[in-house]
Amino acid sequence: MKRVTDDVVLPRRLSWLDWRLVLLLMAICFIAHFNRISMAAAADLRIMEQFDISTTKMGAVYSAFLVAYTLAMIPCGWLIDRRGPKFALGMVWFGSALFVALTAAVSLVSSAAAAIAAFLVIRSLMGVVSAPLHPGAATAVGLYLPTAQRSKANGFVTGAALLGIAATYPLFGWMIDQLGWPAAFLVMSLVTAGLGGLWMIYGPRRSTPALTEVALHVAPDRVSEPSLNVPPWMRHRNLALLTLSYGAIGYFQYLFFYWVHHYFAEVLKVPEDRSRRYAAIPPLAMAIGMPVGGWLSDWIQVRYGWRSARVGLGFVTMSTSAALLWLGVRLDDPLASVACLSLSLGVLGMIEGPFWATAVEVGGTRGGFSAAVVNTGGNGIGLIAPIATPLISDTLGLGWQAGITVASVVCLGGAICWLGINQRTENHPQLPDPDFAPSPHQAPQTT
């Protein structure tokens, strides 16, 4: 007999239609992040040499995407709630396809100045159309999947994004070697548009949720529903704490994405071929941790309730990750350091799925907006790490151990934020879609 508490859900199993939605969301996260990082891969291999562009100017192109992506996040959250995740994610698919193709068209210009200007405009606009990606995917999971399956589904979806990042350099690099960089971008544009067509055909039928009409709808797989009449101050506090906590994860992740190779190669003095392999291990560990943590969160929720599954798991994973990072930078042996740092990022990835499920639930009928606010915090605070880490380590002369330890302290602060989140979140109503929700007359299964 499973233990049931007031906020526990007795879940139905995910059907093939549910998994079809998850697979489509995994595909868009994989391709979107592949297309994002492909710019850096092409620049390293061909573009900077062809146009004689400095690393500083190329870095401005990368930052243009991130800044536009972050600034557009909250308006796109409003769009998700207004038009639904199907429409918003369709914009990601076809907008990305367009701007990836325009990236290839820059090969037709002759001067470095014109190329940089074109890249800045194109990648900034691509950042704007990419902004609904994660809030839209989390909202789709919140609307169309059972409550006790959402963390697991979000873990698979966000894990696909990490796989897209890991696959970009080897796969897109091979495409550039075979086709040249303009043709490689054109191929990816066609692939993106083709998969976007599949999303429009096989995604949820209802593109506009009309959440005001189902705000009080009780999903049929729920035993009991926490109160939807959550005081505004509690909703705002929950959202603020969740945003700060996700900002701590963003700081942690961006440190790894931008500086882990430098740490292995320049600080630990690992040979170049080994340092590249070592640098790929932590993101892969995080990609594995995301679905594992999502499954664990859903398992805990069924047996011990919402607070254990979200608040308890959030505090334990983030504080453990902070401790492993602190230990990892104090190990002199490169293999031991890589193992510890990879385990740190893998454990941190376990809370990614619960983060997105909670972000949508906190917002209730404005789940897309709520998720967008949380992701804005993740990116906004995360953008500090690439600048602050070398500033602390080199400019202030405190060393890389101190610079990376700051991320450990930030992560511990994010863990503490979870303790202030109240379990009476305003649960996102499950949308009665003919494909992705069970019949309103289906009785919950008990064991």
Taken in chain and number order and not counting sequence neighbours, the residues that satisfy salt bridge (Lys or Arg N to Asp or Glu O under 4.0 Å) with Arg36 are none
- Should Ile47 and Phe51 count as side-chain neighbours, where that means a heavy-atom distance under 4.5 Å? yes
Taking every heavy atom of Leu324 against every heavy atom of Ser344, the minimum-distance pair comes out as CB-CB, 3.6 Å
Angle between ring planes, Phe65 versus Tyr69, binned at 30° and 60°: parallel, tilted or perpendicular? parallel
Looking only at heavy atoms, the pair that brings Pro283 and Leu345 closest together is N-CD2, 3.9 Å
Under 3.5 Å, is there a donor-acceptor pair between the side chain of Thr320 and the main chain of Thr317? no
ask   = Hey, is the main chain of Phe185 close enough, under 3.5 Å, to the side chain of Ser189 for a donor-acceptor pair?
value = no
inquiry  = The test is side-chain contact (heavy atoms from CB on, under 4.5 Å); show your working for Val22 and Leu145 and say whether it passes.
reply    = CA-CA 9 Å; Val22 172; Leu145 298 186; 3.8 Å; yes
Worksheet item: Is the backbone of Phe99 close enough, under 3.5 Å, to the side chain of Thr103 for a donor and an acceptor to pair up by distance?
Response: yes
* Asked: Under the 3.5 angstrom rule, does the side chain of Ser319 hit a backbone N or O of Val316 as a donor-acceptor pair?
  -> yes
Q.
With a 3.5 Å distance limit and no angle check, can you tell me whether Thr70 reaches the backbone of Thr376 through a side-chain donor-acceptor pair?
A. no
Quiz item: Checking side-chain contact (heavy atoms from CB on, under 4.5 Å) for the pair Met188/Phe172: CA distance, chi angles, key distance, verdict?
Solution: CA-CA 9 Å; Met188 286 310 304; Phe172 199 68; 3.8 Å; yes
Residues 171-180 vs side-chain hydrogen bond (donor to acceptor under 3.5 Å, both in side chains), sequence neighbours excluded, gives Arg46-Asp177
Would you check if the side chain of Asp81 reaches a backbone N or O of Gly368 as a donor-acceptor pair within less than 3.5 Å? yes
Measure from the side-chain N and O atoms of Trp306 to the backbone N and O of Gln301, and report whether any donor-acceptor pair falls under 3.5 Å. no
Between the CZ atom in Phe355 and the CD1 atom in Ile249, the distance rounded to the nearest 0.5 Å is 4.0 Å
CG (Leu325) and CG (Leu348) are apart, to the nearest 0.5 Å, by 9.5 Å
Heavy-atom closest pair (Ser124 atom, Ala68 atom, distance to 0.1 Å) is O-CB, 3.2 Å
Centres of the Trp19 and Phe156 rings: under 6.0 Å? yes
| request: Check for a donor-acceptor pair, side chain of Ser370 on one end and backbone N or O of Gly367 on the other, with a separation under 3.5 Å. | output: no
| Evaluation steps, side-chain contact (heavy atoms from CB on, under 4.5 Å), between Tyr278 and Leu341 | CA-CA 10 Å; Tyr278 287 172; Leu341 295 178; over 6 Å; no
Taken to the nearest 0.5 Å, the spacing of Asp18 CG from Gln149 CD works out to 8.0 Å
OG1 (Thr158) and CG (Leu133) are apart, to the nearest 0.5 Å, by 10.5 Å
Here the pair of heavy atoms bringing Ser96 nearest to Val129 is N-CG2, 4.0 Å
Hey, does the side chain of Thr168 reach the backbone of Gly164 with a donor-acceptor pair shorter than 3.5 angstrom? yes
Is the closest side-chain heavy-atom distance between Ser151 and Arg310 below 4.5 Å?
-> yes
Nearest heavy-atom contact between Ala64 and Leu120 is CB-CD2, 3.9 Å
So CZ of Arg123 and CG of Leu66: to nearest 0.5 Å the spacing works out to 10.5 Å
Exercise for review: Any chance you could lay out the side-chain contact (heavy atoms from CB on, under 4.5 Å) test for Met126 and Met39, step after step, and finish with the verdict?
Suggested key: CA-CA 11 Å; Met126 185 169 171; Met39 186 71 224; over 6 Å; no
Exercise. Would you indicate whether the side-chain heavy atoms of Leu195 and Ile28 approach each other to under 4.5 Å?
Key: no
Review point. Heavy atoms, side chains only, cut-off 4.5 Å: are Leu24 and Leu89 in contact?
Key: no
(Q) Within the structure provided, determine whether Gln50 and Trp181 are in side-chain contact (heavy-atom separation under 4.5 Å). (A) yes
Test item: Phe369 and Ile74 side chains (from C-beta on) under 4.5 Å apart, heavy atoms = yes
Scanning both residues in full, the closest heavy-atom pair of Pro85 with Trp199 reads O-CZ2, 4.0 Å
CG of Leu79 to CZ of Phe87, rounded to nearest 0.5 Å, is 5.5 Å
- Query: Is there side-chain contact between Ser245 and Met318, with at least one heavy-atom pair below 4.5 Å?
  - Reply: yes
Arg150 side chain to Asp298 main-chain N or O, any donor-acceptor pair under 3.5 Å?
-> no
pair Ile80-Pro135: side-chain heavy atoms closer than 4.5 Å:
yes
For residues 124-143, the ring-ring contact (aromatic ring centres under 6.0 Å, His included) pairs (sequence neighbours left out) are His33-His134, His134-Trp356
